[in-house]
Amino acid sequence: MQEHYDFKEIENKWQEEWDNQNTYQVQNFSDRPKYYCLEMFPYPSGKLHMGHVRNYSIGDVVARFKTMQGFDVLHPMGWDAFGLPAENAAIKNGIAPATWTWDNIDHMKSQLKQLGLSYDWDREVATCHPGYYKWGQWLFLQLYKKGLCYKKHARVNWCPDCATVLANEQVVEGSCERCSAVVEQKQLDQWFFRITEYAQRLLDDLKQLKGWPDKVKIMQENWIGRSQGSELIFQVDGSNESIPVFTTRPDTVYGVSYMVLAAEHPLVAKLSAGTPQEAAVSEFVNRVSKLTELARTSNEKEGIFIGAYCINPFNGEKVPILAANYVLYHYGTGAVMGVPAHDERDFEFARKYDLPIKVVIYPTKDQELRAEEMTAAYTEDGFMANSGPFNGIPNRQGIKKVIQYAEETGIGTGVVNFRLRDWLISRQRYWGTPIPIVYCEKCGAVPVPDEQLPVLLPTDVAFKPTGESPLKGRPDFVHTTCPQCGGAAQRETDTMDTFVDSSWYYLRYTSARDNDQAWDKNKADRWMNVDQYIGGVEHAILHLLYSRFFTKVFYDLGLINAQEPFENLLTQGMVLKDGAKMSKSKGNVVSPEEIIARYGADTARMFILFAAPPERDLEWSDRGVEGSHRFLNRVWRLIYSLKDDVAGAPAIPAGTNYVGVHKEMRRLTHYAIKKVTEDISGRFNFNTAISTIMELVNGLYTYRDKVAEVERDAAVLAEAIDTTIILLAPFAPHITEELWAATGHQGSVHKQPWPTFDPAALVEDEVEIAVQINGKVRERLNIPANMKPADMQQYLLEMELVKALIGNKQIVKVIPVPGKLLNIVVK
RNA sequence: GCCGAAGUGGCGGAACUGGCAGACGCACUGGACUCAAAAUCCAGCGGUGUAACAACCGUGCGGGUUCGACUCCCGCCUUCGGCACCA
């Protein structure tokens, strides 16, 4: 051990040692309780960024802490390795996506090792490895067999110049990011997972997730978007066609003054055919349907009369039918009844197109509302009016009565509608998991039999942006035989959304090297649920919802006993520099590599955990990093100077009553144990945990420097030093390992049991009481700590200092707070 | 527009259940050590004010509840994040 803190040498030494000893390998079964600590696995983009460092430092503290508390901790890492950037890199640099990806994985893995993270690398997974995606294909087929997988038409972003499908993020302000051509919408036949079948369960089970932040649960709830309402049927005037509309406000049905259809609603073309409107309508539909949903709905509302009318089944009124840009075909029935008087959007739309406004809800029974006087829709509750037999009924009750009436007369029903849509998993891309389906002329779509899995993705592709998936240009991939009839068949060339890969990886970690099954049920049941999941809040909806969906499907299939994947969720904040998210374009990126090279991994981890509580955004500060580095140096020098006093020192003898500085040293030690334990396990407030350790270190310096060497108590000193090292171990794993060895201990500090505090050591002789006059602190006085609360008031009131404060004023009231303060109210 | 989160010294943050605002760290100032610098150590550090005390003000703003409010209630302002007309 050297006098100087040589972090480079120490970190290399211990990383090698951990590797050689397989320190972080975990057995699947033992007598100890289990704990599954999981951080969201990264996309292998090339290099780690500070967000990764933050995410994985947080997880590592939790994993190491739980290990020391005696749990078997599953703490795995892997790679979300399929995706678009690999294809872009291939086009740009002429490197095969597989080569690029695996190179990145190599590099990032070495970076993770440099951070000293306690992963069981024997369980590493990469979603682009056939040993992983084989089981993704198998799971797809399980969903297929269960009827949860189907094909239908869906719109994609289409670049007419590149002749290729674009992801949303490749569309920049309506144009292709590569060639700037205006992006169009195109219909393709695509695969879907029927997540809507699970909508109600996904909603209901949110209540079980006590360990999730409320904000994430609220976001999921809104995303699922359950709404109770009714479907009412309007007949088209002079035709056999009818238009069902979904509405949450059937109580306003007497106020309908027009009907609006989504532009792609089949009736738009059908009903306008042969009318004078036909040409204009068709021009409108053409124009609107080329736009993305976002562009359509964020523009001003626009509509056009389609030349037909329908009949309100409640009052027989004939109202015009329009087509509009803002009505979504896939939500509800693709049709909206226009009630301008009681809906903001309808009000705005009616004003623009001069459509009649009919009031049917009054604020109170007699308070009439006049359409001419309205400046905004009246959307509050009230009483039904101008509504035939329903007049005077409070509208909430009216909703039920109208539905009841509709059901009796066959003009509608009560229905529940979800905003959630089925999960589109087809991607017209190369670098993804091939969808295990073949198309046979005779048998149609046929699932690939299990024994033929995996459907291998060819990696030796010449990757050119031809517009079509490179898989289509590979006859050896496309041409195959039908598993059913043996005739000629063609493979599906679409690959799966990478969200599919990342929706079950937490299960694969339990059986990462199993070649015979996706996971061993016993092992999955041993480890699931994930006890703590940690990652960015940007995944609050899609990733977490898809994973919850998969878990429920697997439960239904009998593949696991868990019904929810993640017991507790921690969503970490972003890492900012100069108040903005770090990004290349802003030029405010701080590279983890540089920080590690300059200060070491322990410093990087300490700073990122100390600078802010994990859920909040973190402002990067170079000065702050230096401060954390200085602290570790301070710890090093302190313990180095005392190492010989600690090695072989006796334990604290039972029943010893320490006084004075020794007692104070012990109090600091045990307070730190209490506080750090609470901060890590309860609130994840690593920042305050670290400040408590700093206070302990400060106290140790005082004990060393202010107490003569002969008077120091070896047992007290050793207890304080050992505690410092152990409490710091989850945060700064290398330096603590070195110091643990230097102070004469055997074995890894990371295998030490986590200490518990001695309540007796926390008891103080005196407490400071704040004396307040009318709520303002006037004096701080020490009283014996063992004084009974009842005696405190009298004791203090009789003190001369306190009497002087009161003077000749009259005491109105005295409020004592034991151990804290005494408030004297005077007048 | 809707939903969510957050506003505390020069800065990051602390105060966990309504009970002493500013722990811990950064920056800064002064001092020690040094030929000097770095490193390290010691002291100071919310504002007004004072010779020094005292006193007053102070947790985005305005009200309220309370013996007592960063914390609870009502109304606003600002910033950040999410969602985009969900019938």
Side-chain angles (χ1 to χ4, degrees), chain A residues 213-219 221-223 225-227 229 245-249 252 260 262 293-301 324-328 330-339 343-346 348-349 417-421 537-538 540-541 571 573-574 576 579-581 606-607 610-613 615-628 630-631 633-634 637 675 678-679 682-683 685 687-695 697-698 701 705 768-780 812-826:
Chain A
D214 287 339
K215 65 170 176 181
V216 174
K217 287 190 276 190
I218 290 167
M219 280 193 250
E221 191 180 324
N222 292 341
W223 189 263
R226 184 185 198 271
S227 60
V245 291
F246 175 74
T247 178
T248 54
R249 294 293 304 274
T252 65
V260 204
E293 191 170 288
L294 196 118
R296 286 169 63 170
T297 52
S298 42
N299 288 346
E300 198 182 340
K301 291 176 188 54
N325 60 350
Y326 71 94
V327 176
L328 305 174
H330 56 74
Y331 183 80
T333 61
V336 179
M337 59 184 213
V339 187
D343 181 280
E344 299 284 2
R345 283 160 307 155
D346 293 349
E348 198 187 313
F349 192 74
N417 201 31
F418 290 96
R419 179 188 176 278
L420 183 70
R421 305 174 205 167
V537 72
E538 66 272 20
I541 296 177
T571 55
M574 288 187 299
L576 310 176
K581 192 176 177 171
M606 286 293 286
F607 170 71
F610 178 62
E615 293 195 279
R616 287 226 249 167
D617 288 349
L618 182 153
E619 175 70 29
W620 185 267
S621 152
D622 293 332
R623 297 285 201 180
V625 178
E626 284 173 28
S628 292
R630 204 147 47 210
F631 170 67
N633 268 300
R634 210 168 130 73
R637 285 195 309 272
K675 175 80 169 138
E678 284 169 1
D679 280 351
R683 311 191 301 161
N685 280 12
N687 54 334
T688 50
I690 291 172
S691 30
T692 304
I693 300 172
M694 287 172 169
E695 287 177 87
V697 169
N698 291 344
Y701 264 96
D705 298 338
E768 193 184 70
I769 301 293
V771 179
Q772 297 183 332
I773 302 292
N774 291 343
K776 291 200 174 199
V777 178
R778 293 295 162 179
E779 204 64 60
R780 281 155 226 233
V812 178
K813 201 172 175 185
V814 179
I815 294 123
V817 181
K820 288 196 169 145
L821 60 75
L822 186 77
N823 188 14
I824 303 162
V825 185
V826 298

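Convention: sequence-line order gives letters A, B, ...; per-chain numbering from 1.
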With sugar-phosphate meaning primed atoms plus P, OP1 and OP2, does A:Q772 contact a base, only sugar-phosphate, or nothing at under 4.0 Å between heavy atoms? base
Examine B:G25: is either OP1 or OP2 under 4.0 Å from a nitrogen or oxygen in the side chain of A:N698? Give yes or no. yes
Could you state the CG-P distance from A:L420 to B:A84, rounded to the nearest angstrom? 13 Å
What is the distance from CZ of A:R780 to P of B:C20, rounded to the nearest Å? 10 Å
Reckon A:D705 touches a base, only the sugar-phosphate, or nothing at all at heavy-atom distances under 4.0 Å? nothing
Rounding to 0.5 Å, atoms CE (A:M337) and OG1 (A:T247) come to a distance of 3.5 Å
Base, sugar-phosphate, or nothing for A:T247, non-hydrogen atoms under 4.0 angstrom? sugar-phosphate
Using side-chain heavy atoms (C-beta onward) and a distance below 4.5 Å, is A:Y326 in contact with A:F349? yes
Any A:K217 side-chain heavy atom under 4.5 Å of A:D214 side chain: yes
Looking at A:R421, I'd like to know whether one of its side-chain N or O atoms comes within less than 4.0 Å of OP1 or OP2 on B:C86. no
Can you check whether A:K776 has a side-chain N or O nearer than 4.0 Å to OP1 or OP2 of B:C57? yes
Using the C1' atom as the reference point in each nucleotide, state the distance between B:G60 and B:U78 in Å, no decimals. 7 Å
Rounding to 0.5 Å, atoms CG (A:N222) and CZ (A:R419) come to a distance of 8.0 Å
Can you tell me how far CD1 of A:I541 sits from CE of A:M219, rounded to the nearest 0.5 angstrom? 6.0 Å
Atom C1', compared across B:G47 and B:G10: separation rounded to whole Å: 13 Å
Would you mind classifying the nucleic acid contact of A:K675 as base, sugar-phosphate or nothing, using non-hydrogen atoms under 4.0 angstrom? base
Is A:K813 close enough to B:C67 that one of its side-chain N or O atoms is under 4.0 Å from OP1 or OP2 there? yes
Between B:C16 and B:A21 - P atom distance, rounded Å: 13 Å
Under 4.0 angstrom between A:R616 side-chain N/O and B:A14 OP1 or OP2: yes
Counting side-chain heavy atoms from CB outward, which of B:G12, B:U40, B:C86 is closest to A:A611? B:G12
Short side-chain N/O contact from A:N222 to OP1 or OP2 of B:C2, under 4.0 Å: no
Please determine which of A:L618, A:I693, A:V625, A:I690 meets the side chain to side chain contact (heavy atoms under 4.5 Å, CB included) test together with A:F610. A:I690
Looking for any heavy atom pair under 4.0 Å, which part of the strands does A:V825 touch: base, sugar-phosphate only, or nothing? sugar-phosphate
On RNA chain B, nearest-nucleotide positions of A:N633 versus A:N774: which is more 5'? A:N633
Describe the nucleic acid contact of A:F610 in one word from base, sugar-phosphate, nothing, applying a heavy-atom distance below 4.0 Å. base
Expressed in whole Å, how much space separates the C1' atoms belonging to B:C80 and B:C74? 25 Å
A:S227 has a side chain; which of B:A87, B:A15, B:C20 sits nearest to it? B:A87
Could you tell me how far B:A23 sits from B:C72 if I compare only their P atoms? Round to whole Å. 23 Å
Checking all strands, does A:D617 fall into the base, sugar-phosphate, or nothing category for heavy-atom contacts under 4.0 angstrom? sugar-phosphate
Compare side-chain N and O positions of A:R778 against OP1 and OP2 of B:A55 and report whether any pair is under 4.0 Å apart. yes
Take A:D343 and A:A770, find for each the nucleotide of RNA chain B with the closest heavy atom, and name the residue whose nucleotide sits nearer the 5' end. A:A770
Are A:R637 and B:C41 close enough that a side-chain N or O sits under 4.0 Å from OP1 or OP2? yes
Does the side chain of A:T688 come within less than 4.5 Å of A:R683's, by heavy atoms? yes
Quick one, A:N774 and A:V826 - any side-chain contact, counting heavy atoms below 4.5 Å? yes
Taking only the P atom of each, what is the distance from B:C42 to B:C24 in whole angstrom? 13 Å
Students often get this wrong, so: under 4.0 angstrom with heavy atoms, is A:G627 touching a base, only sugar-phosphate, or nothing? sugar-phosphate
To the nearest Å, how far apart are A:E619 CD and B:C26 C1'? 13 Å
Nearest whole Å is fine: how far is B:C2 C1' from A:I218 CD1? 14 Å
Anti versus syn assignment for B:G68, with syn defined as within 90° of 0: anti
Using a cut-off of 4.0 Å on non-hydrogen atoms, how would the nucleic acid contact of A:S628 be classed: base, sugar-phosphate, or nothing? nothing
Measure the spacing between CZ of A:R778 and CG of A:L822 and express it to the nearest 0.5 Å. 14.5 Å
Heavy atoms only, 4.0 Å cut-off, all strands: where does A:R623 land among base, sugar-phosphate and nothing? sugar-phosphate
Using whole Å, report how far CG of A:N687 lies from P of B:G12. 14 Å
Choosing from B:G4, B:C20, B:C86, which nucleotide comes nearest the side chain of A:K215? B:G4
With rounding to the closest Å, how many angstrom separate the C1' atoms on B:U66 and B:G19? 12 Å
Identify whether any heavy atom of A:N823 sits under 4.0 Å from a base atom; if not, whether one sits that close to sugar-phosphate; answer base, sugar-phosphate or nothing. base
Mind checking the P distance from B:C45 to B:G22? Whole angstroms is fine. 12 Å
Pick base, sugar-phosphate or nothing for A:E626, based on heavy-atom distances below 4.0 Å to the nucleic acid. nothing
Looking at B:C24, I'd like to know if its phosphate oxygens (OP1 or OP2) sit under 4.0 Å from a side-chain N or O belonging to A:T692. no
Using a cut-off of less than 4.0 Å, is there contact between a side-chain N or O of A:R634 and OP1 or OP2 of B:A39? no
